[in-house]
Amino acid sequence: MFGPRKPRLLIAKPGLDGHDRGAKYVAQVLRDAGFEVIYTGIRRTPEQIVATAIQEDVAGIGLSLLSGAHLLLFRRVIELLHAQGADDIVVFGGGTIPPKDIPLLESLGVAAVFTPGTSAERIVERLDELLCVPA
Amino acid sequence: MKSTHQLGVSRPRPRATSTHRTLSDNRRIVNTLDETLHRIDAAHQRWQAGPVAKTLAKFPEQRTKFVTASDEPVERLYVPTANSIQHYAEKLGFPGEYPFTRGVQPTMYRGRYWTMRQYAGFATAEESNARYKYLLEQGTTGLSVAFDLPTQIGYDSDDDISIGEVGKVGVAIDTLADMEILFAGIPLDKVSTSMTINSTAAVLLAMYIAVGEKQGLTPQQLNGTIQNDILKEYIARGTYRFPPQPSLRLISDIFAYCTREAPNWNTISISGYHIREAGSTAAQEIGFTLADAICYIETAQRAGLAIDDFAPRLAFFFAAHSDVLEEVAKFRAARRLYARLMKERFGAKSPKSQMLRFHTQTGGVTLTAQQPDNNVVRVTLQALAAVLGGTQSLHTNSKDEALALPTEDAVRVALRTQQIIAYESGVANTIDPLAGSYYVEQLTDQLEAEAEALIHEIDKRGGMVAAIEQGWVQKQIEQSAYRYGQSIDHNERVIVGVNKFQVEESSAMELFEVPESTTQRQVDRLQHVRRTRDSAQVSECLRQIESAARGDANLMPPILAAVKAYASVGEICNKLSEVFGEYTDSSAG
Amino acid sequence: MPRLELPELVRGARQSGPLAVRCAGRLMSLVTDEPQRLAELLAMCREWPQPRLVLGLTGSPGSGKSTLTDRLVLEYRTRFPADKIGVIAVDPSSPFTGGALLGDRVRMMQHATDPQVFIRSLASRGRLGGLALGVKGVVRVMGLVGCRVVLIETVGVGQSEVEIAQHADLTAVVLAPGQGDGIQLLKAGLLEVGDLFVINKADRDGAAALQAQLLAMLQRVDLVRHDRSANGVTTQVCHDVTTGPESDPSHARLFLTSAREHLGIAELVDALEARTEVAQERWRTEREEQIEAELQSAVLAEIERRAICTLRTNAAVVERFDRLLGGAEPLAAVVDEVLRRTIGDATSSTK
C-alpha cells in the first residue's frame, strides 16, 4: 500500500576536516535521486558515526574526507561496524583521495570511492547498484 | 541594477569635475556628454535590431543565456555609460586614493611586484623548514604557514581526537620547540610570514613572537599576518573551537596587544577565500567577507579601540577563479565598497584605514583530478585575474592539489607562473589596465551593489553572528554551491576534462606523501618537551591564563608567558575551553 | 544482520547490547515503511512499557527549536540518569522525488554516543505517506527499548508536520522574538494546536512584547472557547525577564527560555513532569484511541485507493459510470459495482 522506497543513507564527515561542500552536495544529489539522507555535520568521531548509522537503520554510510586521514578513519568506521554486527551496512567514500589509496580502501571493505569530478549521475547509479535498488 | 545606498549614510554628491570651470561650463560639458551617450545608445539599439538580429536569424548563439562563473548575466555587448565618466572621481579615482577602486598604492607593481607567497607546511617542523628554505631559494618573497588540523583547532598531537590528522594538511606544532625548528635559519626580520591560524591564533602568534625574541628581535621588528578570522570558520571552514563571543574577545585582545607591541603585524586576514571555496558566488564572497569585517570592527570599537588605530592593520584574503573579468571586477568592487564602508559607516579618517589590501589564492576547488596538467592553465588565468585586480600578495596552487599536497616540482611550476606573469606578460607595467572596459566597469558596479545588499540583509538580521546562528549565511552558500554543481551535472557548464573532452587516464602522476613516521616523531618530541620543561611553571602559567580568561584582562601576555614555558597548544586551548566552552554545530539554528 | 521478521525484531529489541539497538532501528524502519503493520506490532506489545510523555515541538524555523530539543534531552538525562530518552526529528520530504535531506541530527550529535539517547530522523513523506502511523510505531518502539520521554521535533511548519506534533500527548509551539512570522504562524492555526507555548531566545529584545501579544491571543482564544472556568493562562517564571510567579506548574502554558544560555529549561521540565504526573493515564487512553482512529483512516484510505483504481481501470465499472453520467444509471448501482469489482480484483490478485 505504501510504495517501495529507496534505502536510507548516512553522509558523514569523520575527523577534523571542515570542508563539507562535497558532502553536502552529494547529500543533496542523493535526496534528488529519491534517497532519504541523514547528514551528520562536520568533525564527527567514528563512534558517533557508527552509533548514528545503527539507530537510523541506514543501508549505507558515505564518508567524506579531504584532510588525508582517510585510511585510519575509514578503517575505524568499518571496524566499529563489524564490532556491532553491522557489516551489512555498505560503506562508500569520497574526497581528496590519491588513486593509489583506492585499492587499499577497497581491501578494507569500502565498497566505492568517488573522487572529485565524479558525476552525480554516476554516484547515484553506483549506489543503486550497491544497495540493490530496483530500477 | 540594485540600489547602492544601503549603508545608512548617503553617498557623497558628485563633485564638479574641476574647480576652475564655471557652473555653466560644467553644465555644457554634461550636456555634450549626455548627447554623446544618447547617440551611442541609439546606435547600439540600431545595431541590435539590424546586424545582430539578422545574424541571429541565421545563426543562433550557442546559448540563450550567458552567465559568469557566478551566474551573473552577461550581455552581448557593453557600451559606454555616464557612470565611469561623469562620476569618475567618486567611483574610480586614482590609485592610492579614495575610493581605491584602481588600487591601493600610487605606483602599484611599477614600484614593487606583489608578494609571491606560497602556502606550505606538512609533517613535522623539520620537513616544513626545509620546504620554506627551498621556496625562498626559488624566489618566493614571503612565507605562508599551513598548520595541521589539530594545531588549528587546539589539540595536541597525542590527543585521541588527532588520530590520523597529525602533519596531514599542514605542519604539526605542539610547543615552542616545534616553532623554533620551523623557523630555524630563517631570519624573521627579513621575511614576512603569513600564518593560516584562527581559533588558536593567539597561541601561534605568541610562539612566533617568542621565536623572534630567541633570534634577538622585538615584536616591533616582525612582519606578517595571522588569519585570525573566526567568523568564516563558523560559516565555511570549520576549524572553530570556542563559541563566537569569547572568540571575538580573543581577536580584540590580539588587536589591542599588537596595536601596542607589534605595530607592523597584520592582526587579521578577513577571508572570503574559504567562503568561495565552500561554493559562494563572487558577490557573496565579498559581501559576506565585508560583513565579517564589520563585525570585527564593531567588536574592536566596543573594546575601546579607535578605528584609525587598528583599521590600518586589517587585511583581506580572496579567491581568484577562472572567470577572469568577473574576478577583476570583484576585486575592484571590494576595494570601493570597503573604502565607502570605512569612511561612511565608521568615519575612518586615515586613508590607510580605508584601503582594502588583500592576499589572493587561486581557487582550490577549480582544480580537477582529471588531466591535472590542465590545472596549470587554470592557475595561470586565475593568477592573471588577481594581478589585473591589484592583489598585494598571491599564492598559486599546484596542479596536483586536487589529489594530495603538492610535490616540490609542482610547487615550482606554480611559483614560476607568477614570475612569468610578473616578468614576461607586461600586465604589471601599468596600473589597473582593465579600468574603462565597459564590461568590467559595469560588472564592478553590479557586484558592488549585490554585495552591499547582502551586507544590508545581514544588518537586518542583527549582524553577522546572528546571521550565522540563524544558519542563513551557510544556507546562502550551500544553495549557490548546489546550483553550481547542478549546472555541471546537467552539462550547462563545461569543465574541461570533467564533463567534456575526457580521456582515459592512468594514475601515473607522482604524488606527495606525508611520511608515515610523522605522528610518532611528533608525539615523541612533545613527550620529550613535557619531560624536560619546568612543569610547576607550566601549571602556574595555565592558571594565569584561566584567571585572565575569567576576567577581562588581555589574554596575550599570559599566553605568551605560557608558550615561553613550553606549554603546548592543546594545554592552553583546553584551559581556555574550560572557561569559554566549545562551539558545535548544535549552537547554530 | 539477516532479514528478520517482526516477532524476532521485537524479541531482539527487548535484549540489551548493540544488536538490540539494531533491532529497534530495524523495527522503526519496518513501521515507517509499512505503517499498516502497526496493528501487528501493537498486538505483540500490549505489555510493553510506554513512554510516560510524548512531547511534540513545532514552530517557526529559526526559533531555536533544535537547540531547545537538545537542551531538553540534556536536562532529562541529568535528572533521570537511569532512563532513556527518545527523539524523533521530522524533516519534510521532497514532493518531487520522495527523497529527503534529514539535517536535524546535526544539532544533536553530542548525544550520538550516549546509549541512553535514541534519535531517529524521519522524512514526512507527504500526506499519504502514513507518517502519523509511522511516528506512533516509532514511539512504541522507543517505549519498548525503555524511553521515559519521547520528543518529536518537526522542522517544517507544513500541514503534515503540524499534524505530527499534534499527535503527541502535549504539543509545544516554540517561538522567538524578532521573528516576524511567529505571530503569523499563530494566526495560521498553531495557536489552536499548542498546549504549551515556549518563547525561546527570551534573552533577546522583543521577548516581552511577544509574550504580551501571545498572552492576549491566548486569552482571546480561551474566551471564545468559554473556557474561563478551566485554569486560564498562566506564565511560568523561567528567569527574571518574566512577570509574576505562579503556583501550580501543571497549569502553566507559557514559558520563557533561552536554550543557548540554558535558561528556563529546568522550569520547563518541572512543568512537563508535573503535567505528566497528572495526565499520563488519560494520555495512554488517548493514544489507544488515536491509534484506533489512525488505523481506521488507514483502512479507509486503502479502500479509497483501491476503489479509485477500479473506478478508473475496470471496463465494466467505467461503462456503468458513463451511464451514470448520461443519467441512465443510479449512483448506488455504480457504488455496488465498484465494491464488487474491487473485492473481485483483490481476491484474484492475492491468489
Side-chain angles (χ1 to χ4, degrees), chain A residues 1-14 20 23-59 62 80-90 120 124 127-128 132-133, chain C residues 1-3 17-30 32-37 86-87 89 91 93-94 96-115 117-123 125 128-131 133-134 145 298-299 301-302 305-306:
Chain A
M1 107 187 205
F2 301 95
R5 315 205 143 260
K6 288 203 180 186
R8 289 153 64 89
L9 297 173
L10 183 70
I11 298 292
K13 291 271 317 162
D20 58 357
K24 281 182 174 168
Y25 185 67
V26 168
Q28 294 177 75
V29 160
L30 293 172
R31 172 203 60 197
D32 294 348
F35 288 96
E36 287 182 359
V37 184
I38 296 141
Y39 175 57
T40 62
I42 60 170
R43 285 167 56 180
R44 303 308 177 194
T45 63
E47 286 78 7
Q48 288 175 325
I49 292 167
V50 168
T52 301
I54 289 176
Q55 286 190 348
E56 297 283 1
D57 188 35
V58 295
L80 285 167
L81 282 172
H82 181 73
Q84 313 260 316
D87 304 86
D88 54 310
I89 298 180
V90 171
V124 172
L127 286 180
D128 280 347
C132 307
V133 176
Chain C
M1 194 167 84
R3 252 196 90 80
L19 209 65
V21 184
R22 282 220 83 192
C23 289
R26 191 56 62 85
L27 265 180
M28 291 176 183
S29 302
L30 205 141
T32 46
D33 288 346
E34 302 170 62
Q36 70 274 25
R37 299 186 65 183
V87 178
D91 274 288
S93 294
S94 156
F96 306 109
T97 65
L101 189 46
L102 311 173
D104 221 37
R105 184 107 202 179
V106 171
R107 305 194 214 293
M108 283 175 259
M109 285 304 284
Q110 60 160 320
H111 307 296
T113 47
D114 180 349
V117 180
F118 204 123
I119 304 174
R120 181 70 175 205
S121 313
L122 295 181
R125 296 182 178 178
L128 292 173
L131 182 66
L133 271 179
V145 298
V299 169
E302 179 62 9
R305 191 189 66 78
R306 292 192 199 178

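Labels below follow one simple rule: chain letters A, B, ... track the order of the sequence lines, proteins then strands, and each chain is numbered from 1.
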- Note on the structure: Bottom line for C/V117: the part with an atom under 4.5 Å from chain A's heavy atoms is backbone
- Query: What distance separates C/M28 CE from A/E56 CD, expressed to the nearest 0.5 Å?
  - Reply: 9.0 Å
- Got a second to check how far C/D33's CG is from A/D57's CG, nearest 0.5 Å? 8.5 Å
For [Y], does its backbone N or O pair with a side-chain atom of [X] as donor and acceptor, under 3.5 Å?
{"X": "A/Q28", "Y": "C/L101", "value": "no"}
{"X": "A/R8", "Y": "C/S121", "value": "yes"}
{"X": "C/R22", "Y": "A/Q84", "value": "no"}
{"X": "C/R120", "Y": "A/Q55", "value": "yes"}

- Note on the structure: Heavy-atom closest pair (C/A112 atom, A/A51 atom, distance to 0.1 Å) is O-CB, 3.3 Å
- Applying side chain to side chain contact (heavy atoms under 4.5 Å, CB included) to A/A120 and not counting sequence neighbours gives A/V29, B/D489
- Task: Please name all residues satisfying side chain to side chain contact (heavy atoms under 4.5 Å, CB included) with C/A100, sequence neighbours left out, ordered by chain then number.
- Result: A/E36, C/S93, C/L102, C/A123
- Task: Among A/T40, A/I38, A/L10, find the residue that satisfies the side chain to side chain contact (heavy atoms under 4.5 Å, CB included) test when tested with C/R105.
- Result: A/I38
- Message: Only pairs of heavy atoms separated by less than 4.5 Å count here; which of C/S29, C/P115, C/A89, C/G17 has the most with chain A?
- Response: C/S29
- Query: Would you say the side chains of C/T97 and A/D32 form a donor-acceptor pair under 3.5 Å?
  - Reply: no
- Heavy-atom distances under 4.5 Å only: say whether A/I11 touches chain C with side chain, backbone, both or neither. neither
